[in-house]
Structure formats: C-alpha cells, structure tokens
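Here's the structure, in structure tokens; my notes come after.
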Amino acid sequence: MEKNIFIHQFNVDRDKRSSLKNHAPLLIWFTGLSGSGKSTVANAVEQAFYNKGIHTYLLDGDNVRKGICSNLSFSAEDRSENIRRIGEVANLMMDAGLVVLASFVSPYREDRENVKKIVGYANYIEVFVNTPIEECERRDVKGLYNKARKGEIKNFTGVNAPYELPLAPDVEVDTTHLDLDTIVDMIIKQVIGKIERK
Ligand SMILES: Nc1ncnc2c1ncn2[C@@H]1O[C@H](COP(=O)(O)OS(=O)(=O)O)[C@@H](OP(=O)(O)O)[C@H]1O
Ligand SMILES: Nc1ncnc2c1ncn2[C@@H]1O[C@H](COP(=O)(O)OP(=O)(O)O)[C@@H](O)[C@H]1O
C-alpha cells in the first residue's frame with residue numbers, strides 16, 4: 001500500500017449496503033474475441049436480472065474506453081491498465097451492493113487473474129464467450145477484422161495480438177450454435193446461488 005494512505009472505516013459498510021438489497025454483490029466477467037457476443041449476452045443477462053429486481057451495472061469495453069480509460073491504447077501494457085482500472089471500478093460498485101457485469105476482450109490471463117484478486121475469488125464468475133474467430137470475422141460487426149487483415153489496425157486480438165484462453169471458466173458458450181435465451185439461462189443458473197444473501 002502507498003505510504004501515508006489510511007483506509008477509513010465508515011459506519012455504513014459493504015454488508016449494510018448490501019442488506020438494503022435482497023441479494024449479494026457479484027462480478028460477472030465476460031471475456032472473448034471482438035464480435036464473439038460478449039456485449040449482446042451481457043446485455044441480455046442484465047435485462048434478465050433487472051426483471052428479477054436485481055440491482056446491476058454493465059461495464060462495457062467501448063463505453064469505458066471513451067471515459068475512464070480514454071488515455072489507453074491496445075498495447076499489452078495499456079490493456080493491463082485498462083483491466084486493472086475496470087477491476088477497481090467493479091470493486092467499488094460491488095461495495096455499493098451491485099451485481100456488476102463486465103464485458104471486455106481481456107485477452108491476458110494474468111490481467112483476468114488480477115481482477116479476481118481485486119474483487120476476491122469468491123465474488124467472481126468468468127464467462128468465456130468462446131465463439132471461433134472465423135465466426136467473429138464473418139460477423140465483423142464493426143468492420144474491424146477487415147481493417148486488421150488489411151494492416152490498418154495493429155495489435156488486433158486474434159489477428160495480430162494474442163488471446164490467452166481461460167483455463168477454468170465458470171461458464172463457456174459458443175454463440176455460433178446457442179441461442180441467446182439458452183445462454184442467458186446457463187449463466188443465470190450458474191450465478192443465482194452466488195447472489196443469495198447468506
Ligand atoms: N486492437 C484491438 N484489439 C481488440 N479490440 C479493439 C482493438 N481496437 C479497437 N478495438 C475495439 O475495442 C474493443 C475492445 O476493448 P476492450 O477494452 O474490451 O479491450 S481489452 O480488454 O483492453 O483488450 C472491441 O470491442 P468488442 O468488439 O465489443 O470486443 C473493439 O471494438
Ligand atoms: N447467440 C448469440 N449470442 C450473442 N450474439 C449473437 C448470437 N448470435 C448472433 N449474435 C450476433 O453477434 C454479434 C456479437 O456482437 P457483440 O455482442 O458486439 O460482440 P462483442 O461484444 O464480443 O464484440 C451481434 O451482432 C449479435 O447480434
């Protein structure tokens with residue numbers, strides 16, 4: 001910890017804030033290639049939680065990179081800093097009692113591991129959106145694969161930058177073959193027990 005920094009204990013703590021809600025906080029981390037379906041799935045899961053009265057917030061790559069991480073590039077070093085900041089922001093939101101959904105390419109195992117350390121292993125669920133690059137590239141929602149193949153984007157994940165596979169994700173889905181409702185059910189089934197207040 002930095003010298004001369006002291007953590008204040010406030011009267012209303014994480015548990016008290018959480019007790020006002022009928023669920024515990026959690027981080028659901030979506031990782032996968034661009035175009036794999038992370039945002040679409042996270043959005044549908046958030047909607048399903050909302051319908052159940054669960055308090056959520058969705059952090060998404062493109063949005064975060066326009067704000068809190070707008071000074072960061074896609075170099076390995078800047079991606080690490082991007083993911084670290086998101087882990088810290090998610091942790092604050094969890095302190096506030098929310099179920100946080102985070103949708104980021106997050107291609108480096110060490111960076112994802114760092115997020116688990118920040119929020120605590122028991123509060124983290126990893127969803128690997130394992131849609132093959134051929135399908136992501138066929139979709140090419142934003143035209144980025146086309147640009148990367150033409151050499152117009154350097155460090156593009158899956159084309160000229162690595163994606164390190166998650167070794168033990170809690171949920172793994174391939175959006176080529178599974179419909180959205182099935183995927184949402186799989187994820188809800190996995191997380192619902194984790195957000196019950198003990
Ligand atoms: N070089 C490169 N590699 C990967 N992605 C790129 C790149 N340049 C821009 N984009 C767009 O930025 C989105 C990924 O941002 P992230 O913050 O999720 O990336 S990372 O986690 O820091 O690796 C990603 O969004 P998604 O398509 O939603 O994944 C892209 O739209
Ligand atoms: N079963 C599915 N689940 C999620 N996305 C799907 C599915 N089938 C097709 N898609 C499409 O794939 C694209 C995924 O884009 P997006 O969610 O932005 O991915 P990412 O956030 O990983 O870049 C969207 O156009 C979405 O409509």
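When a ligand or atom number is given, it counts from 1 through the structure's own listing order.
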- Query: Against heavy atoms of L180, which atoms of ligand 2 measure under 4.0 Å?
  - Reply: 1 (N), 3 (N)

- Task: For ligand 1, indicate whether the residue L144 contacts it via side chain, backbone, both or neither (heavy-atom separation under 4.0 Å).
- Result: side chain

- Task: Give the atoms of ligand 1, by number and element, whose distance to some non-hydrogen atom of I83 is under 4.0 Å.
- Result: 21 (O)

- Could you name the option among R112, R65, K142, R79 that has the heavy atom nearest to atom 17 (O) of ligand 1? R65

- Compute both the distance and the angle, then confirm whether R79 meets the cation-pi test with Y163: under 6.0 Å from the six-membered ring centre, within 45 degrees of the axis. no

- Item | Location of contacts on D60 toward ligand 1, heavy atoms closer than 4.0 Å | neither

- Note on the structure: With heavy atoms and a 4.0 Å threshold, my read on which part of K154 contacts ligand 1 is backbone

- Query: Which atoms from ligand 1 have a heavy atom of P107 less than 4.0 Å away?
  - Reply: 23 (O)

- Taking atom 2 (C) of ligand 1 as the reference point, the nearest protein heavy atom with its distance: F156 CD1, 3.3 Å

- Note on the structure: of all protein heavy atoms, closest to atom 13 (C) of ligand 1 is D62 OD1, 3.6 Å

- What atoms of ligand 1 come within less than 4.0 Å of a heavy atom belonging to N155? 1 (N), 2 (C), 3 (N)

- Query: Relative to the heavy atoms of L33, which atoms of ligand 2 are at a distance of less than 4.0 Å?
  - Reply: 22 (O)

- Would you kindly specify which portion of L178 sits under 4.0 Å from ligand 2, judged on non-hydrogen atoms: side chain, backbone, both or neither? backbone

- Query: For I187 and F30, what are the C-alpha separation, side-chain angles and deciding distance, and is it a side-chain contact (heavy atoms from CB on, under 4.5 Å)?
  - Reply: CA-CA 11 Å; I187 296 169; F30 296 82; 3.8 Å; yes

- Note on the structure: Honestly, for T157 the part within reach of ligand 1 (heavy atoms, under 4.0 Å) is both

- Task: List every atom of ligand 2 that sits less than 4.0 Å from any heavy atom of V141, numbering the atoms from 1 in the order shown and giving each element.
- Result: 13 (C), 15 (O), 25 (O)

- Query: Can R138 be said to sit on top of Y145's aromatic six-ring, NZ or CZ under 6.0 Å from centre and within 45° of the ring axis?
  - Reply: no

- Task: Ignoring hydrogens, just give me the one of L144, T40, T176 whose non-hydrogen atom is nearest atom 5 (N) of ligand 2.
- Result: T40

- Item | Closest approach of R85 to I68 (non-hydrogen atoms, all atoms of both residues) | NH1-O, 2.9 Å

- For S34, the ligand 2 atoms whose distance to one of its heavy atoms is below 4.0 Å: 23 (O)

- Counting heavy atoms only, which of C136, G35, G32 comes nearest to atom 23 (O) of ligand 2? G35

- Item | Which residues share a side chain to side chain contact (heavy atoms under 4.5 Å, CB included) with D181, sequence neighbours left out | D179

- Item | Sub-3.5 Å N/O-N/O distance, K38 and ligand 1 | yes

- D60/K66 ion pair, N-O < 4.0 Å: no

- What atoms of ligand 1 come within less than 4.0 Å of a heavy atom belonging to F104? 17 (O), 18 (O), 21 (O)

- Short N or O distance, K38 and ligand 2, threshold 3.5 Å exclusive: yes

- Which residue supplies the protein heavy atom nearest to atom 27 (O) of ligand 1, what is that atom called, and how far is it? S34 OG, 2.6 Å

- Do the two ring centres, one from F10 and one from H8, sit under 6.0 Å apart? yes

- Message: With nothing but distance in play, are any N or O atoms of I183 less than 3.5 Å from an N or O of ligand 2?
- Response: no

- Got an N/O contact under 3.5 Å between V105 and ligand 1? yes

- Numbering as shown, the atoms of ligand 1 that approach S106 to under 4.0 Å (heavy-atom distance): 20 (S), 21 (O), 23 (O)

- Contact partition for F74 relative to ligand 1, non-hydrogen atoms under 4.0 Å: side chain

